[in-house]
Q: 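My questions all concern the structure below.
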Amino acid sequence: MTVMRGRQFFQNPGPTNIPDRILRAMDRVSMDFMGKEFAEIADFCFAGLKRVFKTRQTMFVYASNGHGAWEAAVVNLFSAGDKVLVLETGRFSASWGEMATAYGLKVETLNFDWRTGVEPAKVEERLKADTARDIRGVLLVHNETATGMAHPVAEVRRAIDRAGHPALFLSDTISSLASIDFRMDEWKVDVAVGGSQKGLMLPIGMGFTGVSKKALDATQSATLPRAYFDWRLMLGRQPQKFPGTAPVHHFYGLAEAIKMLDEEGLDACFARHRKLGEATRAAVRAWGEGGGMQLYCSNPRLYSDSVTAILMSPGIDAETIRTTALDRFNVSLGGGLDSLKGKVFRIGHMGDLNEPMLLGALAAVEMSLKVAGIPHKKGGVDAAMAVLAN
Ligand code: PLP
């Protein structure tokens, strides 16, 4: 086996690079999770998370990944047989819908083209047609990590309002939180679902839900079985609303992440991601002039600033690039998911990332294209530098 020196360039769309500061903050002995010191850290984290979600409402934290937080949203709001409308725009929105089906909900899917994304007018049309008000929830993934597309949550909210529909509005912000602006209260999102391992730069293992007053009211009449994730039980728990032993070390890491975000400022953090996203897209466009690939997202209004999916031309296996980048250059990229496997590879550009790190990864991709003999035009890295040096 070849020994690889230096750091692996971790360019996955989650998990992301964990800054040393966060690792150091977590490097500590066990402590009493009922004690005063931990209570202060947890309070700081809950308040900080609310700033990041841009909400003044209720925040729940779980020892789980994003799937856990998805599940918390479903089981606390609905009853078997309830109808929900899934706005399908890629693999993750489809998976959330599958979870709702597994819990006995009637899932109606509005299928949008995965390359062009959600169309708010169609959401409005469907909700207007629901004169019996059977639809209890609308499920949207803000940033589809599988396709590299960031949806206009505010526009979908306005579509729901124009239809005058009372359905709860659920939005996954797992790969947008702390990378792309998300405004839970302003956009009247009833449940916002997040996870630790993306923009928050933490290890996997914490799930979050921001919950509106309307959603908390709905949980009282919901009858799906729930125990660990039961918001009613969590609200009654002191000193922190946490189910069971709190993952103290994760909270220390989260506190450090919040401090880092406060130091940078959320707007500066979003602007950094925007620039990294633009640079990545510029590189892909330049390579694509050689014919082998194009941006998967074909709707420029919805380009994601945290992940770029690259669609290979027919006959070219996207996995070849991913494995070449990993085996030869120690750069970890994302692959295509499910139906996009082999067709798409993904470059994550979220979290603790700066311009030279991105350029290193893009250079490794360009070298991998050459090594693997994939048609492309040279100069992707130059195109990215032109964006970054601006
Ligand atoms: N939603 C989105 C948009 C995601 O990107 C992911 C994971 O990548 C998930 C949900 C699922 O999160 P997890 O893998 O932490 O369960």
Side-chain angles (χ1 to χ4, degrees), residues 10-18 49 52-53 60-75 84 86-102 112 114 117-118 138-153 156 170-182 184 189 191-210 228-229 247 250 253-254 257 273 277 296-297 302-309 322 332-341 344-351:
F10 200 74
Q11 223 62 44
N12 254 275
T16 60
N17 296 293
I18 306 174
L49 277 175
V52 178
F53 276 79
F60 292 110
V61 178
Y62 322 94
S64 78
N65 59 11
H67 276 74
W70 267 354
E71 186 156 330
V74 169
V75 296
V84 292
V86 171
L87 310 183
E88 193 191 294
T89 53
R91 186 59 234 157
F92 287 103
S93 38
S95 295
W96 202 6
E98 284 156 17
M99 180 182 275
T101 303
F112 294 100
W114 287 16
V118 80
V138 175
L139 276 60
L140 171 72
V141 170
H142 179 202
N143 190 65
E144 259 294 353
T145 327
T147 59
M149 188 177 287
H151 292 106
V153 183
V156 174
L170 283 65
S171 177
D172 167 321
T173 175
I174 287 179
S175 61
S176 50
L177 193 71
S179 305
I180 302 170
D181 197 11
F182 184 84
M184 176 173 155
V189 173
V191 179
V193 176
S196 54
Q197 76 271 26
K198 311 238 182 197
L200 287 174
M201 310 169 282
L202 292 161
I204 300 148
M206 268 181 146
F208 315 106
T209 48
Y228 177 77
F229 289 118
H250 274 78
L254 175 57
H273 282 86
Y296 184 81
C297 175
L302 303 188
Y303 286 146
S304 165
D305 289 326
S306 62
V307 51
T308 298
R322 210 184 58 76
S332 171
L333 303 167
L337 300 176
D338 290 334
S339 60
L340 298 183
K341 193 166 172 59
V344 155
F345 76 98
R346 295 173 300 149
I347 303 175
H349 32 84
M350 70 181 99

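Note that ligands are numbered from 1 as they come in the structure, with each ligand's atoms numbered from 1 the same way.
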Q: May I ask you to check whether S175 has an N/O atom sitting below 3.5 Å from an N/O atom of ligand 1?
A: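 There is no such contact.
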
Q: Mark yes or no for whether Q11, through its side chain, and S332, through its backbone, hold a donor-acceptor pair below 3.5 Å.
A: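 No, the answer is negative, given that no donor and acceptor are paired below the 3.5 Å cut-off.
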
Q: Could you see which bit of I174 sits under 4.0 Å from ligand 1, with heavy atoms only: side chain, backbone, both or neither?
A: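 It is the side chain that touches ligand 1; the backbone stays farther off.
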
Q: Among all the protein's non-hydrogen atoms, which is closest to atom 16 (O) of ligand 1, and how far away is it?
A: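 Nearest neighbour among protein heavy atoms for atom 16 (O) of ligand 1, to 0.1 Å: H67 ND1, 2.5 Å.
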
Q: Do any N or O atoms from the side chain of H349 and from the backbone of D305 form a donor-acceptor pair under 3.5 angstrom?
A: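 Yes.
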
Q: Minimum distance, heavy atoms only, to atom 4 (C) of ligand 1: which one of V141, N143, T145 is it?
A: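 Looking at heavy atoms only, T145 sits closest to atom 4 (C) of ligand 1.
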
Q: For S179 and S306, which I'm curious about, is there any donor-acceptor pair between the side chains at under 3.5 Å?
A: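 No, no side-chain donor-acceptor contact under 3.5 Å.
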
Q: Testing T308, L337, N12, L333 one by one against R346 for a side-chain contact (heavy atoms from CB on, under 4.5 Å), which residue passes?
A: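 Result: among T308, L337, N12, L333, L337 is the only option passing the side-chain contact (heavy atoms from CB on, under 4.5 Å) with R346.
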
Q: What do you reckon, does Q197 put a non-hydrogen atom under 4.0 Å from ligand 1?
A: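 Judged by the 4.0 Å heavy-atom criterion, Q197 does count as contacting ligand 1.
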
Q: Is there a heavy atom in W70 that sits closer than 4.0 Å to ligand 1?
A: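 So W70 counts as touching ligand 1.
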
Q: Parallel under 30°, tilted from 30 to 60°, perpendicular over 60°: which one fits the rings of F208 and F53?
A: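 Answer is perpendicular, since the angle exceeds 60°.
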
Q: Do me a favour and list the nearest non-hydrogen protein atom to atom 6 (C) of ligand 1 with residue, atom name and distance?
A: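 Atom 6 (C) of ligand 1 sits closest to the protein heavy atom F92 CE2, 3.2 Å.
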
Q: Side chain, backbone, both or neither: which part of K198 comes within less than 4.0 Å of ligand 1 when only heavy atoms are counted?
A: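 Contact part for K198 vs ligand 1: side chain (C-beta onward).
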
Q: I'd like to know if the side chain of H142 and the backbone of S175 have a donor-acceptor N/O pair within less than 3.5 Å.
A: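 Here the side-chain-to-backbone pair does not exist.
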
Q: Do me a favour and list the nearest non-hydrogen protein atom to atom 12 (O) of ligand 1 with residue, atom name and distance?
A: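 Its nearest protein heavy-atom neighbour is G66 CA, 3.5 Å.
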
